[in-house]
Amino acid sequence: MSSFPEDDAFDAAERQSLSQQAMAARPAPYLDGLNPAQRQAVEALDGPVLMLAGAGTGKTKALTTRIAHLLNTGKARPNEILAVTFTNKAAREMKERVAQLLGQTVEGMPWLGTFHAICVKLLRRHAELVGLKSNFTILDTDDQIRLLKQLIVAADIDEKRWPPRMLSGIIDNWKNRAWTPDKVPAGEANAFNRRGTELYAQYQARLKELNAVDFGDLLLHVLTIFQTHEDVLQQYQRWFRYILVDEYQDTNVAQYLWLRLLAQGHRNVCCVGDDDQSIYGWRGAEVGNILRFEKDFPGATVVRLEQNYRSTPHILAAASGVIAANEGRLGKTLFTDLTEGEKLRLIGHWDGEEEARWIGEELEAMQGGTRGLRPMSLDDCAILVRASHQMRAFEDRFLTIGLPYRVIGGPRFYERMEIRDAMAYFRVACSPDDDLAFERIANTPKRGAGDKAQQTMQRTARSNGVSLLEGARLAVSADLLTGKAKGQIGTLVEQFDRWHEKALDPKQNHVELAEQILDESGYTAMWQNDKTPEAPGRLENLKELVKALEEFDNLQGFLEHVALIMDNETEEQGAKVSIMTLHAAKGLEFPAVFLPGWEDGLFPSQRSMDESGLKGLEEERRLAYVGITRAQELCTISFAANRRVYGQWQSALPSRFIDELPEAHVEVLTPPGLYGGGYGAAAPSAAPGPGIMDRAAEANVYNSPGWRRLQARQAQRPMSQPRESRTQVIDLDAVSAFTQGDRVFHKKFGYGYVMGIEGDKLDIEFEKAGAKKVVAKFVVAAERADDVPF
């Protein structure tokens, strides 16, 4: 079973002797490049160590040097070190860096890898202890969904009302919390129509029959083995003399328990992380794991890496000012040897489109050097957004002015599947002869028109010399299509006739027509009923697409615009500005960073605050800290006075995080005249005015002095809004529209799914409280559209 001898063959005295000889014989030049804190973290080899590593403080360098030092001093052999990372890329980089430090390839480090990779090895060794064979297969998501669907149908449960993806998400959450079917708490047992735990048990039993596991099982099964077979646990506790864990703040409950069990042997565990960068709570990460490290491991050495090698003093001070408002943190103060640098820049705009225009102009100016700054390549610049739907305004602007860009973590806006689908619907509505567009969406959403039906329509179109849409019409009328396809394709053809007529009508509101097409076709409902993590983000992108239509006179004009800008773009190599979400930016750095959309509700996200309260707000603040600390030389934060929310202009509130920025480290660029004059420090120096940290006014529901200043100045000069908004009345008391399958949150009952709708009353199946009938205004949407990486 083992690939290395047991430690009994190497007694403590002999090991200590060899260790002393190795330390005397081998020089350690790799220690010379460390600062005092890094060196302390590297040399504190024995006992529990928490390496609290701030952003840009060289934690990877310290972690890899620690491994090299363990090997070089003879403290451990390569196969006695367990080093856990979160990505395969990080594991590869760690192994390469250790080899560079030692000047030779490190052979035999089988226990350096991700949680899943290491657990696969462990589980294959001991599979029989959980009823599996060592050649078990690992199911992908599609296989899991198919298996769960079989169980739901067999249990005589309506799969449309209770979709398999919903159950998959519930089970995955339980596995992240280390709950086997018999350990799911009573408070969670009401999940999935009170049959969640029953189906979970059936799912696990079926997996064993298939000799299969899903990704959650890899950790859960090994944890179960450790908890129920003490001899196996003790074997690995002896073998793993030194344990190192990267990104400890991102561990979930199951990972935490697994690590704690293994570390109880030699207690030589070193966890590296930053509580201020714990931003993945929405996918199971528990910041509390790192916060209670000293309690879990009494006598632990805590080393704070605070010397930053990335950013200027102003950027670090701004980030520290924001994160200091969090109560749940261990605390540290970043500093740098740099003495110069630009202040963090803050600018307000009339609306989101103006924000995109300004950033585009600034990027163009920065390439030639501006305001005394060194010229910067577009590769040096990044735009980090809170929600992926914010990208559309920037992509539109950059495509229009020919500014090269790349989207990190996903496709560009107009290349996304849901956008291409929606555009195909619009194209056929405007041009019924567009066969390629019709072919794309004829069976999206599913209309029973599989390959055979599509071939029939194409054959009919060719033989009659007509378009594919007309071919579909002829195939329906001639009874060439059967079953579901005949009725649904017939309906689709009639819908396109109606939509085409409206598209030609100059009096028709083309924005309303676009919404009508997406709704009547069933395309919007398809994503509303989809329970994958990506679905909420796709719905937000569709809303953003419809919003873009408002800038054009008709649907055809918009289609021409998109076709032209997409045709003009080139994939040639060259410098490009990077656009990504804040979540995707973790671990990256850029000389210049733009942080747009700092408005309450957008950032911090209203959805996160509604779902998790103070805990959610603190995670949002950590996300702000991550965003600011991505910048090396220049950081620009922007916000808009107006944002279009679900098709209506609303006054936007400057983010409460703006008021936590220390005034001495911020340069406000907001032009005179906005909000009736200068904003904060932008006001003329001779004129007295409120500063960025002004907190004299009475707190309101948002607790944002920035918004109070905005309101005060609005009295001097009415806030300008785009012309469309002046004739619109925004009904702030309107009941939110929910659809069946939506995930919602209630302050008393928690999370649940909408099962039925009757007027303003909703039938909701709450995950903990069971079925309830509640009025719609007492719940909020709980889908995480703004947490999807792309």
Side-chain angles (χ1 to χ4, degrees), residues 55 310-323 336 338 340-352 354-376 378 380-386 390 394 397 577-579 582 585 589-599 602-603 624-641 652 654-675 677-685 689-693 706 709-710:
R310 175 187 299 160
S311 307
T312 65
H314 289 303
I315 291 172
L316 295 181
S320 297
V322 172
I323 199 63
T336 176
L338 298 175
E340 299 179 351
E342 291 289 310
K343 289 185 177 183
L344 181 144
R345 307 187 305 170
L346 175 66
I347 183 168
H349 299 283
W350 291 120
D351 56 33
E354 170 60 31
E355 181 179 57
R357 281 194 295 272
W358 184 85
I359 290 178
E361 291 167 1
E362 191 71 2
L363 285 167
E364 290 184 320
M366 287 166 62
Q367 294 176 76
T370 179
R371 298 170 57 251
L373 299 175
R374 71 172 180 86
M376 287 191 184
L378 290 179
D380 294 335
C381 306
I383 299 170
L384 312 182
V385 299
R386 177 62 185 87
Q390 288 176 259
F394 295 103
R397 182 61 186 166
V577 61
S578 298
I579 308 175
L582 284 161
E589 58 185 39
F590 300 90
V593 167
F594 291 87
L595 301 171
W598 278 44
E599 297 125 34
L602 179 56
F603 191 42
Y625 171 84
V626 167
I628 296 172
T629 54
R630 297 312 93 196
Q632 295 170 298
E633 301 175 34
L634 191 65
C635 182
T636 305
I637 293 174
S638 58
F639 59 95
S655 171
R656 67 193 71 188
F657 298 154
I658 288 176
D659 290 285
E660 294 168 357
L661 295 168
E663 186 174 6
H665 301 282
V666 177
E667 177 186 7
V668 183
L669 305 180
T670 306
L674 185 62
Y675 306 140
Y679 174 81
S685 56
I692 196 169
M693 293 298 287
R709 288 197 301 274
L710 186 153

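Values below: all heavy atoms of this structure, side chains included; hydrogens, waters and symmetry mates excluded.
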For this session: Dump the intermediate steps for side chain to side chain contact (heavy atoms under 4.5 Å, CB included) on V322 and E660, then the final yes or no.
Result: CA-CA 5 Å; V322 172; E660 294 168 357; 3.9 Å; yes
Closest non-hydrogen atom pair between [X] and [Y], with its separation:
| X | Y | value |
| --- | --- | --- |
| A318 | P662 | CA-CD, 3.8 Å |
| M366 | C381 | CE-SG, 3.9 Å |
| P654 | F639 | CG-CE1, 3.9 Å |
| E354 | R357 | OE1-NH2, 3.0 Å |
| G352 | A640 | N-CB, 3.9 Å |
| A319 | T629 | CB-CG2, 3.6 Å |

Nearest 0.5 Å please: distance from the [atom1] atom of [X] over to the [atom2] atom of [Y].
| X | Y | atom1 | atom2 | answer |
| --- | --- | --- | --- | --- |
| R374 | E633 | CZ | CD | 4.0 Å |
| L363 | L378 | CG | CG | 6.5 Å |
| E355 | R397 | CD | CZ | 13.0 Å |
| I579 | F594 | CD1 | CZ | 11.5 Å |
| I315 | E342 | CD1 | CD | 9.5 Å |
| I359 | E362 | CD1 | CD | 9.0 Å |

Taking only residues two or more places apart in sequence or in another chain, which ones pass side-chain hydrogen bond (donor to acceptor under 3.5 Å, both in side chains) with [X]?
| X | answer |
| --- | --- |
| S320 | none |
| R310 | E589 |
| T636 | R345 |
| E599 | R643 |

Exercise. With P313, which residues qualify under side chain to side chain contact (heavy atoms under 4.5 Å, CB included), at least two apart?
Worked result: T336, L338
Exercise. How would you list, by chain and number, every residue that makes a ring pair (Phe, Tyr, Trp, His ring centres under 6.0 Å) with F603, sequence neighbours excluded?
Worked result: W598, F657
For this session: Evaluate the side chain to side chain contact (heavy atoms under 4.5 Å, CB included) criterion for residues F590 and S578: first the C-alpha distance (whole Å), next the side-chain angles of each, then the deciding distance (0.1 Å), finally the verdict.
Result: CA-CA 9 Å; F590 300 90; S578 298; 4.1 Å; yes
For this session: Start with the C-alpha distance between L595 and L582, add both sets of side-chain angles, then the distance that settles side chain to side chain contact (heavy atoms under 4.5 Å, CB included), and finish with yes or no.
Result: CA-CA 9 Å; L595 301 171; L582 284 161; 4.0 Å; yes
